[in-house]
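Remember, predicted model here, so these are calculated numbers, not experimental data. Atom set for the values below is all heavy atoms of this structure, side chains included, hydrogens, waters and symmetry mates excluded. Chain naming here is simple, since letters A, B, ... match the order of the sequence lines and numbering starts at 1 in each.
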There are 2 protein chains.
Amino acid sequence: MPKVKTSKEEVLKKVIPILRSRGVQNSSMSELSKACGIQKSHFYYYFSNKEDLIREVLATVHSYFNYNLFKIIESNALSLNEKVLKMKLLLDKLFRASDGGCIMANTALETIHLDPTYKKEIQSFFKDFILGLQQLLEVHHSTEKALLLAEQMVQDIEGGILLTQIYDDPKYINNAMKRTETAILNL
Amino acid sequence: MPKVKTSKEEVLKKVIPILRSRGVQNSSMSELSKACGIQKSHFYYYFSNKEDLIREVLATVHSYFNYNLFKIIESNALSLNEKVLKMKLLLDKLFRASDGGCIMANTALETIHLDPTYKKEIQSFFKDFILGLQQLLEVHHSTEKALLLAEQMVQDIEGGILLTQIYDDPKYINNAMKRTETAILNL
DNA sequence: GTCTATAGATCGATAGAC
DNA sequence: GTCTATCGATCTATAGAC
């Protein structure tokens, strides 16, 4: 067998969509390494164990999310309308139900009661998600009202992702996004 | 060893809280049978395999939920206020975040992308959940508006359960319940 | 209680870049 | 040659199942 050249970044990129749609517990190290076209042992060269892999996956997703979300929100060149549109595109990319929904929510429900290993990262992710929405809502609402609305929107969106997955029907997440848009633009 | 007399109902009752909080994938047949104080082989006498067990668990939860929810909703003796109060108590019992949240949502996210085995039951559960809320909302809203609100409330509640579990803070589910109450009573 | 499959994990060997 | 990224093989524990 010829050796295959890879990198940790490449491996993470290939592995994230699988973990998102199959879930953490249902993805074995063998399966993941096979999907990357490398030996399992090589996987352990990159990640000392499965927990370590998942931790890196969640951190990668979180930092990608943060970078893009706050780039939009803090832009001076975009109108509020444009910010909302771009945010919707970002959320669709990260949360699309047909691709497994929100890996943070999935991992939370899969692991949080057994092992709080990933709790901090997940908490931090949702803190930023809520904060981002709050900042957009503060254009038309008071700080306190904006926070409460942001929390409600995150709940609505995550619940919408759940129902959309259960029924294979995008209307639930779409309705949640519409309500979010309405609240931000104060329509 | 003395023989232990059990029944399938007893086993289900003991097993449900474990599956709810640990999740389906993280609960082994050995662990579950041990928790019931019976031999693993006896478990396979009741349930032909793990899938069969989970199916019965979900059906049991669903029928318990349905029976109690619609008993409240269709009662002639209760005021709308009382119905809302009783429904909140039922939801708290079934969905309490400290006890593992909503077993239907948990199982959905754990399994739905691998294996649609439990999909029908979960779909049917949420259909009834939405329908129940819709009937309460129809007192003060049109049929279509009531359906849309009911879907929104279910999303809000399920998202609230998620955030409450992630942050160990009941405020998210409590806020969702308050919003639901407000919408039903038309305050 | 036992069987079989598969999970996570580790080890020693080596191809290939320098 | 050395170094290190990669491989093949294997260990141990535990899962579901009967």
Test item: B:Ile184 and B:Met153 side chains (from C-beta on) under 4.5 Å apart, heavy atoms: no
Closest to side chain of A:Ile38, choosing from C:dA9, D:dA17, D:dC7: D:dC7
Joint hydrophobic cluster, B:Leu69 plus B:Leu85, side-chain heavy atoms closer than 4.5 Å: no
Presence of B:Tyr44 side-chain N/O under 4.0 Å of D:dA17 phosphate oxygens OP1/OP2: yes
Nearest-nucleotide pick for A:His42, side chain only, options being C:dA9, D:dC7, D:dG16: D:dC7
Salt-bridge present (B:Arg55, B:Glu51; N to O < 4.0 Å): yes
Distance-only polar pair, side chains of A:Lys93 and A:Tyr64, donor-acceptor under 3.5 Å: yes
Nearest-Å distance for atom pair CG/P, residues B:Asp52 and D:dC18: 11 Å
Exercise: do A:Tyr46 and A:Ser7 side chains pair donor with acceptor under 3.5 Å: no
Interface with DNA chain D, restricted to residues 8-21 of chain A and to heavy atoms under 4.0 Å: none
Between C:dT6 (C1') and A:Glu31 (CD): distance, integer Å: 12 Å
Worked verdict on B:Phe95 versus B:Phe129 for ring-ring contact (aromatic ring centres under 6.0 Å, His included): CA-CA 12 Å; B:Phe95 295 164; B:Phe129 188 8; 5.6 Å; yes
For the student: nearest non-hydrogen atoms of B:Leu137 and B:Ala150, plus distance: CD1-N, 3.5 Å
Enumerate all atom pairs, one protein N or O and one N or O from nucleotides 1-5 of chain C, separated by less than 3.5 Å.
none

Exercise: do A:His141 and A:Gln134 side chains pair donor with acceptor under 3.5 Å: no
